[in-house]
Amino acid sequence: MNWQAMKSIYVFEMVRTFRTLWQSVVSPVISTSLYFVVFGAAIGSRIDEVEGVTYGAFIVPGLIMLTVLVQSISNASFGIYFPKFIGTIYELLSAPVNILEIVAGYVGAAATKSFAIGLIILGTAYLFVPLDIQHPFLMLGFLMLTCLSFSLLGFIIGIWAGSFEQLQIIPLLVITPLVFLGGSFYSVSMLPPFWQTVTMFNPVLYLISGFRWAFFGTADVPVALSLLAIAAFTVICIGVIWLIFRTGWRIKN
Amino acid sequence: MSVMLSVRDLSKTYGSGHEALKSVSLDIEEGEIIALLGPNGAGKTTLISTICGITTPSGGSVTVGGHDIITDYRPARRLIGLVPQEVSLEPFEKVINTVSFSRGLFGKPRDDAHIERTLRQLSLWDKRNAQIKELSGGMKRRVLIAKALSHEPRILFLDEPTAGVDVELRKGMWETVSGLKADGVTIILTTHYIEEAEAIADRVGIISKGQILLVEEKSALMKRMGKKTMRIDLQSPISALPEALGDRGLEIEDDGHSLLYTYDTAATRTGITTLLQALSDAGITLRDIHTNQNSLEDIFVELVKDGA
Ligand SMILES: Nc1ncnc2c1ncn2[C@@H]1O[C@H](COP(=O)(O)OP(=O)(O)O)[C@@H](O)[C@H]1O
Ligand SMILES: [Mg+2]
């Protein structure tokens with residue numbers, strides 16, 4: 001293993017993050033606060049408790065997930081797309097490194113950043129609603145695994161993307177709707193039976209459900225199923241990345 | 001001397017179907033400087049990219065320091081420094097960070113003294129904390145060289161290092177290259193500028209249309225292909241060549257004020273003595289004589305023309 005290389009990539013990426021720290025942190029905090037004002041205060045005041053939790057608290061896990069998924073994907077995709085775009089990828093390709101080291105460096109940095117943002121949003125949430133997290137360590141574990149797996153997905157998107165527009169498309173057109181429809185702001189049991197069935201095909205539901213379980217001990221689907229889903233997703237992403245590097249798809253001539 | 005780089009029957013066909021390298025073979029000794037000369041699109045960049053792992057070869061094999069670049073890529077690549085043709089750098093990064101990053105990427109532990117030495121050598125030390133986007137084109141190119149040298153490579157590829165660089169900087173670059181050679185680094189550079197190959201290379205390879213036409217010691221190449229011309233200035237102009245000077249290939253120039261004689265330096269007889277004798281016999285008075293060695297440029301033009 002070229003540990004030195006892995007560390008270099010990771011540190012280099014983290015330094016980039018710190019250079020744009022304000023943008024990275026301020027915008028998620030502001031948008032989360034807006035969600036609390038709109039959903040929590042305005043709408044939530046008209047909604048009774050959901051599954052024994054106040055509505056304001058109920059939406060916290062979904063809100064964190066929404067930001068963390070989008071951030072993981074955009075951080076990781078940008079991290080690898082940028083060198084491709086400006087041509088500095090030549091250095092990665094000519095260095096004595098293997099896929100594992102490259103991916104660990106880039107994805108590790110992207111996941112670290114979105115994990116930190118997740119925690120900041122959690123901190124922001126405390127300003128608005130009282131929270132009593134039932135399984136704090138599981139909650140952190142879940143968050144970490146989510147950051148990791150979606151950063152892997154972001155890495156794939158970054159390699160696939162041929163333009164900055166394509167880079168934005170997946171988080172915007174796929175992830176955001178899936179999060180909204182995956183029970184971020186409601187419990188699936190509140191839906192009519194037909195839509196309940198449809199929602200079961202939304203992979204993000206399993207994430208949010210598991211994450212919410214760690215907070216409040218209630219879930220739409222069994223927590224084991226949530227864990228299994230995210231594990232399977234991680235494995236698929238790793239497999240795809242392995243295939244990309246084996247074939248040199250979109251990175252080598 | 002051991003072989004540092006060995007290229008065997010290397011070929012590359014791009015996805016577009018373009019055959020950019022056609023069974024190229026090349027051996028390079030440790031510590032030598034070889035210049036690859038060729039027109040645009042000859043395949044110089046493709047050759048370098050393939051050796052360095054940026055492009056996947058379609059056939060053949062390459063070893064660097066005895067290590068196969070595919071099966072044994074780690075030790076092979078640790079020996080290589082690459083300065084690409086295109087200036088690609090992270091615009092917002094500081095010079096010193098991007099150079100240190102390269103060292104780490106190649107698996108070398110941090111060594112501030114070495115980085116400082118490298119930056120000083122390339123006159124970049126004063127700019128170490130500048131963002132790359134603030135640098136001039138020549139400086140950016142030197143940052144690329146600093147990155148390539150950051151991990152102390154034993155073989156350095158310079159892909160058109162002086163393209164678009166002004167004369168002074170070019171000379172500076174040549175000095176850097178000689179300094180590296182003194183440290184025993186093997187250097188392969190591609191260039192358009194023939195005077196560059198002439199000035200710094202030990203051997204010259206000529207590449208055209210994906211094939212290496214020849215690789216020779218620079219001096220041997222000059223000797224083998226080298227023709228000299230002798231310009232004879234006359235006291236009084238002549239309008240036609242006297243019969244006696246017949247078929248020597250003499251040309252009249254400058255409205256009859258001078259004669260141009262071309263001869264082969266490698267031939268056993270250059271014909272100079274008999275020519276001078278014949279001129280004297282014909283009653284032609286000479287004012288001055290200059291000889292001129294053909295440059296690599298002439299050789300190059302000739303070869304590429306023949307190879308076409
Ligand atoms: N990525 C690519 N895809 C298809 N053809 C390419 C690619 N890169 C280079 N070529 C072609 O291969 C040939 C050799 O290019 P190159 O190695 O860049 O030449 P040089 O460096 O000698 O100018 C050219 O005809 C060029 O158009
Ligand atoms: Mg080129």
Is the shortest heavy-atom distance from the side chain of A/Leu63 to the side chain of A/Phe185 under 4.5 Å?
-> yes
Under 3.5 Å: donor-acceptor pair, side chain of B/Lys22, backbone of B/Lys209 = yes
Tell me, out of B/Ala76, B/Ser100, B/Pro91, B/Ser88, who's got the most heavy-atom pairs with chain A below 4.5 Å.
-> B/Ser88
Which of residues 108-137 of chain B get closer than 4.5 angstrom to chain A, counting heavy atoms alone?
-> B/Lys108, B/Pro109, B/Arg110
Non-hydrogen atoms of chain A under 4.5 Å away: do they reach the side chain of B/Leu82, the backbone, both or neither?
-> both
For the pair A/Phe155 and A/Tyr106, name the ring-plane relationship: parallel under 30°, tilted 30 to 60°, perpendicular over 60°.
-> tilted
When B/Arg78, B/Lys147, B/Glu93, B/Arg103 are compared by non-hydrogen pairs under 4.5 Å with chain A, the top option = B/Glu93
At a heavy-atom separation under 4.5 Å, does B/Phe106 approach chain A through its side chain, its backbone, both, or neither?
-> both
Pick from B/Ile54, B/Ile80, B/Thr56: which one has the most heavy-atom pairs with chain A under 4.5 Å?
-> B/Ile54
With only heavy atoms counted, which part of B/Glu90 is less than 4.5 Å from chain A, the side chain, the backbone, both or neither?
-> both
Look at the side chain of B/Ser208 and the backbone N and O of B/Gly38, then say whether any donor-acceptor pair between them is shorter than 3.5 Å.
-> no
Residue that, paired with B/Ile188, satisfies side-chain contact (heavy atoms from CB on, under 4.5 Å) out of B/Leu5, B/Ile33, B/Leu158 | B/Leu5
Per-residue contact mode, B/Ser102 against chain A (heavy atom under 4.5 angstrom) = both
